[in-house]
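Worksheet: the structure to be examined is printed underneath.
We use all heavy atoms of the structure for the numbers below, so side chains are in, but hydrogens, waters and symmetry mates are not. Whatever order the structure lists them in is the order used to number ligands and atoms, beginning at 1.
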Amino acid sequence: MTLPRPRRVALGAGTSQTPEIPLMRLLDIQNLTVSFSQHGGLVQAVRGMTLHIDQGESLGIIGESGSGKSVTCMAALRLLREPPARITADRMVLADVDVLKARGAELAQLRGKAAAMIFQDPMTAFDPSFTIGHQIVETILAHRSARKAEARSEALGLLARVEIKNPAAVLDSYPHQLSGGMLQRAMIAMALSCRPKILFADEPTTALDVTVQAQILQLIKDVQIEFGMGLVMVTHDLGVIAETVDRVLVMYGGRVMEQAPVQDLFDTPAHPYTVALLASIPGRTGGRRRLTEIPGASPNPANPPTGCPFHPRCPVAVARCSQDTPVLRSTAPGRDVACWRAE
Ligand SMILES: Nc1ncnc2c1ncn2[C@@H]1O[C@H](COP(=O)(O)OP(=O)(O)OP(=O)(O)O)[C@@H](O)[C@H]1O
Ligand SMILES: [Mg+2]
């Protein structure tokens with residue numbers, strides 16, 4: 001496997017390339033906090049996240065294990081059980097739905113028509129006791145008024161679109177009868193079946209072998225453009241980020257450390273944590289590019305450090321970093337950083 005090669009990424013429709021066309025803001029999250037009550041305390045998984053995504057744009061969320069990436073996505077789709085989860089935000093609007101106020105039909109609309117999510121393990125998306133076809137057809141029928149035969153023919157078309165060679169056979173297969181890569185394709189087809197405005201992909205290729213990984217990433221990129229969706233790509237893998245997204249958000253300890261267009265992030269990382277992440281990519285000779293190399297331990301979400309969550313591991317921290325929490329501030333157009341030391 002080669003080292004991820006940062007490259008110029010074509011700017012999507014959601015960028016300053018087309019300022020004269022009003023862009024639709026698909027997701028707007030301001031000051032999101034998510035905590036879980038547990039025996040003897042509170043786990044503060046997300047501690048003031050702010051992010052947005054416009055139509056056609058792709059955003060990568062990167063950060064070490066436990067930084068709050070999945071919880072952020074699950075909160076945006078209200079997929080967390082509440083309680084134990086407690087979600088607050090100054091604003092959280094997804095495709096015109098006020099996420100925190102959504103009830104009943106609005107909640108159902110949120111998870112399907114507004115947004116769909118694909119996961120690392122496609123088995124979590126499918127019920128093992130029903131065929132793939134049954135599940136995609138039921139999803140279509142739940143979100144749209146279509147006749148069963150129409151829904152089945154659409155399911156066939158979607159399976160063909162995700163490059164499944166024998167869609168009719170796969171339609172009648174049970175999840176356990178498919179390989180990991182095929183099941184991942186089927187999950188993408190099911191996600192697309194509601195024609196969502198945003199696709200959340202949470203480590204969608206981590207469990208797959210390298211060749212299949214590349215094919216699935218390409219497929220996700222292709223359908224994002226074809227369906228005009230926004231994309232939120234959550235990953236540990238800087239190579240995936242370099243290949244798939246326009247803009248990157250770096251998370252640590254439940255907070256945004258830095259946000260930048262992908263090329264700028266690779267060229268001139270501003271936050272010491274981003275610098276450490278980029279330096280942590282293992283050598284050129286194979287292996288998974290997991291971000292596990294930064295010395296020191298991630299913050300304990302049950303007892304997060306005061307000030308900047310990265311200060312105990314930061315090589316350039318000063319006294320202020322352990323006392324005051326740095327706010328996310330703009331340093332250049334499209335670039336934000338939360339660090340007292342960043343220029
Ligand atoms: N249901 C839950 N109850 C209690 N704590 C939780 C729950 N779900 C997540 N957490 C905690 O919230 C924090 C953030 O978790 P999250 O799954 O968002 O991390 P992540 O960035 O997605 O990590 P990974 O890269 O390993 O997937 C972690 O400390 C995790 O243990
Ligand atoms: Mg996760």
**OP:** Please confirm whether P84 comes under 4.0 Å of ligand 1, counting heavy atoms of the residue only.
**Re:** no

**OP:** State whether the shortest distance between N or O atoms of V71 and N or O atoms of ligand 1 falls below 3.5 angstrom.
**Re:** yes

Original post:
What pairs meet the ring pair (Phe, Tyr, Trp, His ring centres under 6.0 Å) rule with one or both residues in residues 68-99, with sequence neighbours excluded?
Top reply: none

**OP:** Return the option from A85, S65, G253, S70 holding the heavy atom at the smallest distance from atom 26 (O) of ligand 1.
**Re:** S65

Original post:
Between K148 and E150, is a side-chain contact (heavy atoms from CB on, under 4.5 Å) present by the stated rule, with each step listed?
Top reply: CA-CA 5 Å; K148 205 160 187 173; E150 284 168 4; over 6 Å; no

**OP:** Applying side-chain hydrogen bond (donor to acceptor under 3.5 Å, both in side chains) between E57 and each of R247, Q224, H52, report the one that passes.
**Re:** R247

Original post:
Just heavy atoms, cut-off under 4.0 Å: does Q38 contact ligand 1 by side chain, backbone, both, or neither?
Top reply: side chain

Original post:
Of all the atoms in ligand 1, which lie at a distance below 4.0 Å from a heavy atom belonging to P301?
Top reply: 29 (O)

**OP:** Give the ring-plane orientation class for Y252 versus Y273, where under 30° counts as parallel, over 60° as perpendicular and anything between as tilted.
**Re:** tilted

Subject >> Approximate separation, where rounding is to 0.5 Å, of M190 CE and L158 CG >> reply: 11.5 Å

Original post:
With a cut-off of 4.0 Å, which atoms of ligand 1 are near a heavy atom of S67?
Top reply: 19 (O), 21 (O)

Original post:
Is the count of non-hydrogen atoms from other residues, nucleotides or ligands lying under 6.0 Å from D222 atom CG greater than 12?
Top reply: yes

Subject >> Residue list, ring pair (Phe, Tyr, Trp, His ring centres under 6.0 Å) with F200, at least two apart or on another chain >> reply: none

Original post:
Does anything in residues 72-88 pair up under side chain to side chain donor-acceptor pair (under 3.5 Å), and if so which pairs, sequence neighbours excluded?
Top reply: T33-T88, R78-E82

**OP:** Check each heavy atom of H236 against ligand 1 and say whether those closer than 4.0 Å belong to the side chain, the backbone, both or neither.
**Re:** side chain

**OP:** List the steps, then state whether side-chain contact (heavy atoms from CB on, under 4.5 Å) holds for I61 with L51.
**Re:** CA-CA 10 Å; I61 304 183; L51 75 87; 4.3 Å; yes

Original post:
Does V43 reach ligand 1 with a nitrogen or oxygen that is under 3.5 Å from one of the ligand's nitrogen or oxygen atoms?
Top reply: no

Original post:
Backbone N or O of T205 within a donor-acceptor pair of the Q213 side chain at under 3.5 Å?
Top reply: yes

Original post:
Can you count the protein N, O or S atoms that lie less than 2.8 Å from the Mg ion (ligand 2)?
Top reply: 1

